[in-house]
Number of protein chains: 2
Amino acid sequence: MTIDPNLDATQIRQGVLHLSRRLRAEKADNELSDGQFSVLACLYRHGAHTLGGLAEHERVSPPSMNRTVNCLEGSGYVERAADPTDGRRVLISLTPEGHDMVARTVVQRDAWIDTRLRDLSPEERETLTRAAEIMRRLATA
Amino acid sequence: MTIDPNLDATQIRQGVLHLSRRLRAEKADNELSDGQFSVLACLYRHGAHTLGGLAEHERVSPPSMNRTVNCLEGSGYVERAADPTDGRRVLISLTPEGHDMVARTVVQRDAWIDTRLRDLSPEERETLTRAAEIMRRLATA
DNA sequence: ATAACTCATTAGTCTTGCTAATGAAATAAG
DNA sequence: CTTATTTCATTAGCAAGACTAATGAGTTAT
């Protein structure tokens with residue numbers, strides 16, 4: 001593997017990281033940490049998870065995730081339920097409030113982008129949309 | 001402002017956030033938290049800052065930044081120096097080790113992108129590079 | 001000289017990352 | 001069926017990072 005990245009890669013890294021940092025500031029509840037929101041987003045996108053599954057998905061230890069879930073439960077955004085298929089497991093799912101809060105954040109972020117897309121030319125807009133698809137592919141590679 | 005984002009915005013949000021999340025996992029020192037690395041990156045990009053300046057840039061309180069800087073100083077990545085123009089201020093700057101670590105991370109991230117760019121067509125590659133420039137603009141708007 | 005402001009630091013609290021330990025439930029082995 | 005092992009969530013202890021409140025030193029204004 002080469003250690004000599006070219007300018008394209010540098011430009012792309014900067015563009016992606018800067019824009020993402022800006023986007024991540026757009027949240028419907030600014031009291032939530034990034035980690036907390038990430039858990040909610042995962043549940044929103046993929047549905048209920050076991051606590052261990054969440055820990056694995058977020059790449060943290062189960063005790064850490066238990067801590068995070070405790071706070072989210074306290075905020076009324078998630079609830080715990082016993083897994084009917086395995087008495088050791090705990091299923092975590094979004095409450096209606098949690099679902100609503102994530103949805104509002106998604107809308108807020110999309111609106112943020114949408115507003116700024118209006119200042120772009122149709123070509124620039126299409127460039128971004130095309131790039132988005134490519135980025136999605138890269139992220140899962 | 002409309003509350004009805006369209007599909008373009010959604011695609012862009014997902015592409016950017018997913019790819020950035022993947023990129024942020026590439027670090028030369030995996031013991032560093034995102035917040036710690038962000039401070040180092042700021043110093044790398046803009047040079048020495050006052051502690052208060054760093055706090056403002058990272059949008060945290062000065063005591064929080066003091067804590068973070070304490071850890072980074074302990075890791076040998078930053079050093080404190082009195083500001084010659086104002087006896088109250090503390091200037092934070094990268095040590096050679098800190099500078100080296102950030103540089104290695106930048107290289108690592110660019111290499112990660114570069115490797116994957118090779119699997120793209122020239123058109124796709126150009127799309128991404130063009131998009132990067134647009135994203136940089138959006139992020140600063 | 002004094003008052004007001006600026007700056008970094010400490011203390012206390014809560015959250016989140018870790019590892020170690022624990023107990024309950026499930027599975028495998030005898 | 002009993003016992004041993006594995007799986008899972010939870011608690012405890014520690015360190016780091018977010019906050020606010022308080023403090024002391026340095027600077028500026030009056």
Side-chain angles (χ1 to χ4, degrees), chain A residues 21 24-43 48-94 98 101, chain B residues 21 24-43 48-94 98 101:
Chain A
R21 183 178 163 126
R24 290 199 326 270
E26 300 289 323
K27 264 188 285 195
D29 178 352
N30 284 303
E31 301 300 311
L32 283 186
S33 66
D34 281 359
Q36 290 176 342
F37 185 78
S38 186
V39 170
L40 297 180
C42 173
L43 294 172
H49 275 60
T50 60
L51 189 135
L54 278 180
E56 198 175 314
H57 185 268
E58 298 296 309
R59 295 168 179 262
V60 299
S61 66
S64 296
M65 183 51 69
N66 188 49
R67 283 261 175 84
T68 302
V69 167
N70 281 347
C71 291
L72 292 172
E73 195 179 20
S75 301
Y77 287 139
V78 303
E79 57 197 356
R80 282 181 161 93
D83 182 336
T85 62
D86 186 336
R88 297 168 300 184
R89 290 183 170 173
V90 177
L91 283 181
I92 315 289
S93 58
L94 286 177
M101 201 283 295
Chain B
R21 183 178 164 127
R24 290 200 326 271
E26 300 288 324
K27 264 188 286 198
D29 178 351
N30 283 303
E31 301 301 311
L32 283 187
S33 67
D34 281 0
Q36 290 175 340
F37 185 78
S38 186
V39 169
L40 296 179
C42 172
L43 294 172
H49 276 60
T50 61
L51 190 135
L54 277 180
E56 197 175 314
H57 185 267
E58 297 296 311
R59 296 169 180 260
V60 298
S61 66
S64 295
M65 182 53 69
N66 188 48
R67 280 257 175 84
T68 301
V69 167
N70 281 348
C71 291
L72 291 173
E73 194 178 21
S75 301
Y77 288 139
V78 302
E79 57 197 355
R80 282 178 159 94
D83 183 336
T85 62
D86 186 337
R88 297 168 300 183
R89 289 183 170 175
V90 177
L91 282 180
I92 315 290
S93 57
L94 286 178
M101 201 283 293

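Just so it is clear: chains get the letters A, B, ... in the order the sequence lines come, proteins before strands, and each one is counted from 1.
Rounded to an integer number of Å, the gap from Leu51(B) CG to dG26(D) C1' is 16 Å. When rounded to the nearest whole Å, the span between CG of Asp86(B) and P of dT28(D) equals 7 Å. Regarding Leu40(A), its CG atom lies at a distance of 11 Å from the P atom of dT16(C), rounded to whole Å. Counting to the nearest Å, the P atom of dT5(D) and the CZ atom of Arg88(A) are 16 Å from each other. Atom pair Arg89(B):CZ and dG24(D):P shows a separation of 22 Å (rounding to whole Å applied). Rounded to a whole Å, the CD atom of Glu58(B) is 9 Å from the P atom of dA18(D).
Among the candidates His49(B), Met65(B), His57(B), the single residue satisfying the side chain to side chain contact (heavy atoms under 4.5 Å, CB included) test with Val39(B) is Met65(B).
Of the residues in residues 29-36 of chain B, those placing a heavy atom less than 4.0 Å from an atom of DNA chain D are Ser33(B), Gln36(B), in numerical order. If you check residues 59-72 of chain A against DNA chain D, the residues with a heavy atom closer than 4.0 Å are Pro62(A), Pro63(A), Asn66(A), Arg67(A), listed by number. Listed in residue order, the members of residues 74-82 of chain A having a heavy atom less than 4.0 Å from DNA chain D are Arg80(A).
At least one side-chain heavy atom of Asp29(B) sits under 4.5 Å from a side-chain heavy atom of Tyr77(B). For the pair Asn66(B) and Val90(B), the minimum side-chain heavy-atom distance is 4.5 Å or more. Side-chain contact between Leu72(B) and Leu32(B) is present, with heavy atoms from C-beta onward closer than 4.5 Å.
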